[in-house]
Amino acid sequence: MSKIYDVIIIGAGPAGLSAGLYAGRARLSTLIIEKAKDGGQIVQTAEIENYPGSLEEESGPTLIERMSKQAAHFGAEKVFDTVLDVELQGDVKTIKCENGTYQGKTVIIAAGASPVNIGCPGEKEFTGKGVSYCATCDAAFFEDFEVYVVGGGDAAVEEAMYLTKFARKVTVIHRRNELRAAKSIQEKAFKNEKMDFMWDSVIKELKGDGLLSSMIVENTKTGEQREIVADEEDGLFGVFVFIGFKPQTEVFEGKLALEKGYIRTDDDMKTEIPGVFAAGDVRVKSLRQVVTAAADGAIAAVQAGKYIEEHE
Ligand code: NAP
């Protein structure tokens with residue numbers, strides 16, 4: 001724990017890697033802490049067509065691989081570790097992780113967001129065995145099977161339409177009787193012959209013997225419950241969950257001002273604690289995209305450099 005880095009970046013998604021690139025290029029000693037693997041949500045995206053400069057062949061993993069290499073090329077170090085606690089006040093910030101404790105003059109929080117779970121019995125048990133949060137990752141496993149999609153927003157309806165390219169039938173299970181998704185998306189969905197809608201419904205339990213093969217669905221208006229069982233020949237079905245995202249900020253609760261879990265910053269990515277910045281999906285902002293995450297990371301790193309200069 002002897003080294004005090006100029007910049008510690010929490011998270012290696014587009015915001016964290018962009019911050020790493022900018023901090024490294026500015027010759028700041030930089031450490032990126034990532035809990036699982038680089039990329040965050042973007043690694044689950046098969047096609048990226050809205051990041052400037054990305055053409056047809058670009059996927060989340062290919063873009064992230066280049067971003068990671070670029071940050072490393074400019075000297076940003078990386079450890080794979082999970083943050084357990086942080087001490088953000090004072091001139092030296094301390095980040096306690098499962099496998100070590102790291103110190104820095106500045107911290108850039110780029111921890112991202114993760115999918116919201118249904119929270120019903122069986123959901124964890126059947127994740128990867130019928131339950132998925134990523135159509136582009138798992139749709140191919142359900143070629144000619146029946147699939148259910150939970151949610152009524154843009155993501156749920158768009159992903160449901162994508163799933164119709166693989167599945168025999170896709171049923172959207174929504175807790176109300178009208179979709180939240182944009183009207184243009186709804187129009188396409190209602191025209192899609194492979195799609196069906198189960199209104200005023202929520203999943204109460206997911207069940208099976210190794211693989212997901214039945215579920216209890218409750219009508220939110222009548223309270224009536226019924227069991228949906230997989231077609232006998234199929235033996236399983238898929239449940240794809242798209243009910244929003246939540247910021248990964250549990251570890252910062254009580255340490256920083258949070259708004260619905262997201263970190264508040266100014267336009268320079270500064271939080272209310274001097275030397276602590278936030279970038280990407282983890283902060284309060286109006287557009288959560290790769291391009292805005294990357295921009296945030298760049299701004300945060302430049303501001304971290306300025307903060308260090310002013311404090312030396
Ligand atoms: P969202 O717009 O917040 O929609 C979440 C959906 O999940 C809502 O229909 C909500 O129901 C439902 N829901 C929430 N909690 C639930 C629970 N516990 N059980 C059952 N259902 C639940 O989230 P999103 O679709 O992930 O989109 C997030 C943002 O990204 C939005 O701003 C969206 O416009 C944007 N986005 C845009 C595009 C696009 O433009 N192509 C694509 C994807 C996402 P209620 O409707 O009843 O609240």
Side-chain angles (χ1 to χ4, degrees), residues 13-15 40-51 54 58-60 112-124 126-127 131-139 147-165 170-192 195-206 215-226 228 238-248 259-262 280-293 296:
Q41 297 163 56
I42 187 193
V43 288
Q44 301 186 341
T45 303
E47 196 183 341
I48 304 222
E49 54 180 22
N50 58 358
Y51 187 71
S54 304
E58 192 76 279
S59 72
S114 59
V116 174
N117 295 341
I118 304 171
C120 70
E123 185 177 14
K124 258 200 190 132
F126 292 104
T127 295
V131 176
S132 171
Y133 304 86
C134 175
T136 46
C137 316
D138 297 330
V147 154
Y148 296 82
V149 167
V150 185
D154 288 342
V157 181
E158 282 202 330
E159 298 303 309
M161 282 192 284
Y162 174 75
L163 281 160
T164 60
K165 293 180 189 168
V170 177
T171 305
V172 173
I173 301 179
H174 184 35
R175 64 183 177 183
R176 294 186 294 132
N177 65 359
E178 60 176 353
L179 298 172
R180 177 181 293 279
K183 288 282 179 277
S184 57
I185 297 175
Q186 291 193 29
E187 280 164 16
K188 279 193 213 155
F190 290 139
K191 276 189 205 146
N192 190 320
M195 274 179 67
D196 202 358
F197 294 85
M198 201 182 282
W199 303 111
D200 300 314
S201 299
V202 289
I203 296 177
K204 297 304 278 186
E205 190 176 353
L206 294 157
M215 64 182 164
I216 307 291
V217 175
E218 184 178 277
N219 184 299
T220 53
K221 288 200 169 136
T222 63
E224 185 198 333
Q225 293 195 344
R226 66 184 174 111
I228 294 174
V239 167
F240 284 76
V241 183
F242 301 104
I243 56 176
F245 285 86
K246 66 170 188 304
Q248 303 189 119
E259 194 177 310
K260 290 185 184 158
Y262 292 92
D281 285 11
V282 78
R283 73 182 190 95
V284 176
K285 63 194 294 192
S286 61
L287 182 64
R288 294 193 174 87
Q289 294 281 294
V290 179
V291 66
T292 60
D296 285 2

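Just so you know, ligand 1 is whichever comes first in the structure, and atom 1 is the first atom listed for that ligand. The figures that follow rest on heavy atoms only: side chains count, while hydrogens, waters and symmetry mates do not.
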Please check if the side chain of Asp296 supplies one atom and the backbone of Gly280 the other of a donor-acceptor pair under 3.5 Å. yes

Please write down residue, atom name and distance for the protein heavy atom closest to atom 15 (N) of ligand 1. Arg175 NH1, 3.5 Å

Quick one: does any side-chain atom of Arg288 pair with a main-chain N or O of Arg283 as donor and acceptor, under 3.5 Å? yes

Under 3.5 Å between some N or O of ligand 1 and some N or O of Ala156? no

Are side-chain heavy atoms of Phe240 and Val170 found at a separation under 4.5 Å? no

Heavy atom of Arg288 under 4.0 Å from ligand 1? no

Among Val217, Ile203, Thr171, which residue satisfies the side-chain contact (heavy atoms from CB on, under 4.5 Å) criterion with Tyr148? Thr171

Side chain to side chain, Asn117 and Tyr133, heavy atoms closer than 4.5 Å: yes

Quick one: does atom 3 (O) of ligand 1 have a protein heavy atom under 4.0 Å from it? no

What's the shortest heavy-atom distance between Met215 and Val239, and which atoms? SD-CG2, 4.0 Å

Any N/O of Gly152 closer than 3.5 Å to an N/O of ligand 1? yes

Check Leu163 against Ala135 and note the closest heavy-atom contact, atom names and distance. CG-CB, 4.0 Å

If you scan the protein for heavy atoms around atom 32 (O) of ligand 1, do you find one that is closer than 4.0 Å? no

Could you check atom 26 (O) of ligand 1 against the protein and tell me its nearest heavy-atom contact, residue, atom and distance included? Ala155 CB, 3.4 Å

Any non-hydrogen protein atom below 4.0 Å of atom 29 (C) of ligand 1? no

Counting non-hydrogen protein atoms only, what is the nearest one to atom 42 (C) of ligand 1? Give residue, atom name and distance. Glu158 OE1, 3.3 Å

Provide, to 0.1 Å, the distance between atom 18 (N) of ligand 1 and the closest protein heavy atom, together with that atom's residue and name. Ile243 CD1, 3.8 Å

Distance from atom 35 (C) of ligand 1 to nearest protein heavy atom, with residue and atom: Asp154 OD2, 4.2 Å

So which protein heavy atom does atom 23 (O) of ligand 1 come closest to, and at what separation? Gly244 CA, 3.8 Å

Atom 48 (O) of ligand 1 sits nearest the protein heavy atom Arg180 NH2, 2.6 Å

Hey, what do you get for NZ (Lys188) to CE (Met195), rounding to the nearest 0.5 Å? 11.5 Å

Any side-chain to backbone donor/acceptor pair from Asp200 onto Asn177? Under 3.5 Å, distance only. yes

Who's the nearest protein heavy-atom neighbour of atom 47 (O) of ligand 1, and how far? Arg176 NE, 2.7 Å

